[in-house]
Colleague: 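Have a look at this one before I ask anything.
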Amino acid sequence: MTTTSPVGAEIDRVEGRAKVTGAARYAADQRVNGKAYGYLVQSTIGLGSISSMNTAQALAAPGVIAVYSPFNPLKLYARQGDSAERYVPLQDDKVRFRGQIIGLVVAESFEQARDAAALVRTQYREEGHPRTSVAAAAPGTTVPSDAVGYPGPPSKNTVLAPGVASIDDALRDSAVTVESTFYQDPQNHCAMEPHATIAEWRDGRLTVYVGAQGPQQYAAALAGRLGVESDRVHVVSPYVGGGFGGKYKVWNDALVTAAAARDLGRPVKLVVSREQAFILNGHRPALQQTVKLGASHDGVLNAVWHETDSEDSVVGYCPNLPAEVTRALYKTPNLHFDQRQVTLDLPPISSMRAPWATPGAFALETAMDELAVKTGVDPLTLRLRNYATTSPETGRPWSSKHLDECYRVGAERFGWADRSPVPGTRVDGEWLVGMGMASGMLSATRAPASARVRFRDDGTVTVASAISDLGTGATTMLAIVAADALGVSLKTVSAELGDSALPPGVPAIGSIVTGSTVPAVQAAARDAITALITLAVQDAASPFHGKNSTDVHYQEGRLEADGRSVSFAQLLRAVGNPAVEAIATTAPGAETTRYAMDSFAAHFCEVRVNRYTGEPRVSRFTTVVDVGRVVNAKALRSQLVGGIIFGIGNALLEVNAIEDNGRLANSSLADYLVPVNADIPAIDTHWLDYPDTVFSEFGSRGMGELTTVGSSAAVGNAVYNATGIRIRDLPITLDKLIA
Amino acid sequence: MRAYDFAAPRSVRSALDKADAGSAYLAGGTTLVDLMKLEVMTPSRVVDINRLPLRGVSLDREGLHIGALDRMSDVAEHRLVRTHYPVISRALELGASPQLRNMASIGGNLLQRSRCGYFRDLSTPCNKREPGSGCTALEGQNRTHAILGTSDACVATHPSDLAVALIALDAAVHLNGSGGPRTVPLADFYLLPGQTPHLENTLRPGELITGITVPALRWAVNSTYLKIRDRASYEFGLTSAAVALNVRGTTIVEARVAVGGVGTRPWRLHAVEHALAGRPLTAATYEQAAEHATDGARPLRHNAFKIPLLRRTLVRALTELGDAR
């Protein structure tokens, strides 16, 4: 009987039962004996210093063990570049932003710590006025090219056709031009699982239970700030309840928890409150951006211009490079972008699901819709007319690109042909109905990755890598790829991840986990088979002892030679080995310098806007993607749908408004609106099947963030088609549509 | 959360004995417990009234009676309510979430505290939470705040949808306290903020809501509640309208109109009712009447849109109700 490969099938997540029964232990659920509980004290001014803190009442409160503050600091080190924030908490009296951690109360119970924290009395000296406005500070300075921590593409560039003197000339010489400026306030990740840390020291070694997007990267960063070697910090993170970029770096709440546990000599647990997470654990930065397009009368692009001014928090950490999509999506002889940042006295910014491409694509794809209106060319035709087959910036061809088919198939599934080009002409009762479309594109990256595959004498296989499963299906992906590579059934494979002690894994950022890890699992599987055969021919107790290793064949969990067939479990038991394993490391090669590599999406959206009261509601959504080979259809659909929901929230609901004093006004789930089920229609997703064998032998590119890119533009373009009103300041709320 | 005494009496008499100016009654707990955790409310004693016999929905010649401890979900789906007063069912169903509606009581709904973000944030001044400290919303983020009944001390909206429906229907609340039972029209129950926004109603210290009565109104069968918000569910309204129409032929004989999301208390619109009475069921009637909805409105920096939105909300509600006949 042949084992059917699970690759590409609809596979339930392997940890699904544990999750729905509550057996899965997230960071805050881990059982650690003897722990104390921490609660944070935050600044209530936006800029200045602390003149005094009265902690006597808090210290005297029931159950309180310690109160840390700038006047009773924790031992921490300033090592730049690894931790999320650029300053070290509780080391000085400076207040850099409103809501900064200025104290930590540790007590015998959570309630005691929380209630004692309310008793800390702080006196401040306000010093000047916090900088809070991107618009007031623009133009900023171009993001340094090394700001992202690795040699990335330039953050400013101009490509001109021969004979063209400047990008302004190219725009001026274009028959039709569009110029639009866009703005959005901060947005927050709102992961279901709030940030939680349990830190336990034993003999100078720290075990940290935390939701981490990269267990090893997290361990290294934490170790640096604590002043210990990386191998002294063990990060345990088997389940992560959503990350979206907000659980990659070590935030200060985790730092002070680990430092307090060391100081007290007992485990400390700290779970940030919902309200605190909005402030302390990063946000998508405020952003102002302008796109200019120059084209012929029939919409053929001659110039694309994109400049951005993004919030950079005074405390860090993630630069914003929104022209990521602009530099490559369309064929254009003249291209210019400049990505700048302005420093504001606001809480830390962070990456948030396609942090660069999401806002960039909203601007570019809205401007393209405006160009379609201005030229009278159908938006879909306009995109096909400007279809790029080589990168306009580098001239490289794509490893595999079928975006044109995505457009075509998506249009067919959605019924794009029924769209009226004239806004406001489709009415259904009291609702104006509009259709919009947009493109999505996400850079496909592979990083060096390792994996271990282990045959065990009980007939099971384990596959392991120090990656993280944010709810994305990474655990299931490991199992599927190992089962496929070994020709064994999925249920015999168990996957291990979320532990810094496992073979080096890539962090769950930039949608790189699957693309990077699949080749490593495949290589480890091949090496494990080799090790199994070597054992079979070398061990005296093996039925294949003495045979030439090339005569022993592995197939579907069995070794065969001369008509004799033995399962790996039988072999291992025969030779008395509990297991045979191999660890393999793989990395991308020279293809990365010869090809452009991206995943692609075509979005089609129908929106209804109430004629009387203006509220926009998404009624249909179709997205077709080109992501290479699919590992797990069910996980893929889940990611695609989740990304689109993120886009709908981005377009219509999500905003954390900045107040003049530096307070982020919507920092609670009551005031910060994420979509609820009633906001989301049935979403139609479809994927093409073109394995990208240039990208990797397996052919699977990343896609976790892909559909967040462009989906908000499709919504906005549909709103325009429904109403004739173009909203360039997100979110698109009813007040902007009834004005 | 501050330490507090706890009592769970079995009779109204006993509950009243245990209550004083510093105590709080606990019913569904959906507002109180949240605000206690934030230390926005710091009662010295919590009196759990869930064992009191204050439940039951009934209809008689006087009208509809609802117990203070009936849960939102039970009342919303009650046959008598759904049939005779659809505006009440609808107002309840558009509030909160199913889980909250299963917990939250009718009495508690009427007493729920402000959803103004500054009220819940101890780091910002708020006259409602801390009298005399100032109103941050006046110059702060006030997109969701009130345009009617505001003062320079408070611009928070009243959050209850149910109260808007009940005000339109001339409902009364039954109270009991150390001075004995009394009944107050809901229209007189809620206070404008003035300079004392911490005083939200005419309840006396320790007084308890025991139930409500909605007067008989035959034509309330032709009523609806429309709630406008950014999110399709689980959000307080930017605007809302409770509307009932008594129609003969194609003429409006009489109307009841109240609005929410715009006033510092549930806002009855007698002027709109007068403008509708005796007029034909036409778009022009609705639009002319709705002009009166914002008489006296004072917009803030971020909520001027509520003036056109409120009018349109009314026109839409009237249109839907008129068309549905």
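All values derive from a computational prediction rather than experimental measurement. In what follows, every chain begins at residue 1, and chains take the letters A, B, ... in the order their sequences are listed.
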Colleague: What part of A/D671 gets closer than 4.5 Å to chain B, counting heavy atoms only: side chain, backbone, both or neither?
Modeller: side chain

Colleague: Using heavy-atom distances under 4.5 Å, tell me whether A/R98 contacts chain B through its side chain, its backbone, both, or neither.
Modeller: side chain

Colleague: Could you please spell out the steps behind the salt bridge (Lys or Arg N to Asp or Glu O under 4.0 Å) verdict for B/R90 and B/E320?
Modeller: CA-CA 14 Å; B/R90 198 144 173 74; B/E320 287 179 8; over 6 Å; no

Colleague: Does any heavy atom of chain B fall under 4.5 Å from the side chain of A/L737, the backbone, both, or neither of them?
Modeller: neither

Colleague: Go through B/K306, B/R143, B/R229 and name the one with the most non-hydrogen pairs under 4.5 angstrom from chain A.
Modeller: B/R143

Colleague: Under 4.5 Å heavy-atom distance to chain A, tell me which part of B/T319 shows up: side chain, backbone, both or neither.
Modeller: side chain

Colleague: Under a 3.5 Å threshold, yes or no: a donor from one side chain and an acceptor from the other, between B/N142 and B/H302?
Modeller: yes

Colleague: Do you know which of B/E139, B/R115, B/R120, B/R311 has the most heavy-atom pairs under 4.5 Å to chain A?
Modeller: B/R120

Colleague: Quick check for you: among A/V674, A/I680, A/N677, which has the greatest number of heavy-atom pairs under 4.5 Å with chain B?
Modeller: A/V674

Colleague: Evaluate the side-chain proximity of B/M103 to B/Q99: yes if any heavy-atom separation is below 4.5 Å, no if none is.
Modeller: no

Colleague: Pick one of side chain, backbone, both or neither for A/L734, based on which atoms fall under 4.5 Å of a heavy atom in chain B.
Modeller: both

Colleague: Can you tell me how far CG of B/L226 sits from OG1 of B/T313, rounded to the nearest 0.5 angstrom?
Modeller: 6.0 Å

Colleague: Measure distances from A/S273 to the heavy atoms of chain B and classify the residue's part below 4.5 Å as side chain, backbone, both or neither.
Modeller: neither

Colleague: Identify which one of B/L314, B/T294, B/L276 satisfies the side chain to side chain contact (heavy atoms under 4.5 Å, CB included) criterion when paired with B/L269.
Modeller: B/L314

Colleague: For B/R2 and B/T42, test the side chains for any donor-to-acceptor distance below 3.5 angstrom and give the result as yes or no.
Modeller: no

Colleague: Pick one of side chain, backbone, both or neither for A/L669, based on which atoms fall under 4.5 Å of a heavy atom in chain B.
Modeller: backbone

Colleague: Between B/Q141 and chain A, which part of the residue has a heavy atom less than 4.5 Å away: side chain, backbone, both or neither?
Modeller: both

Colleague: Is a salt bridge present between A/R608 and A/D428, judged by a nitrogen-to-oxygen distance below 4.0 Å?
Modeller: yes

Colleague: Sub-3.5 Å donor-acceptor pair from the side chain of A/S43 to the main-chain atoms of A/F97, do we have one?
Modeller: yes

Colleague: Looking only at heavy atoms and a cut-off of under 4.5 Å, which of A/L652, A/D660, A/N661, A/I738 has the most pairs with chain B?
Modeller: A/I738

Colleague: Do other residues, nucleotides or ligands put more than 12 heavy atoms under 6.0 Å from the CG atom of B/D295?
Modeller: yes

Colleague: Quick one: of A/E659, A/R617, A/Q42, who has the most non-hydrogen atom pairs under 4.5 Å with chain B?
Modeller: A/R617

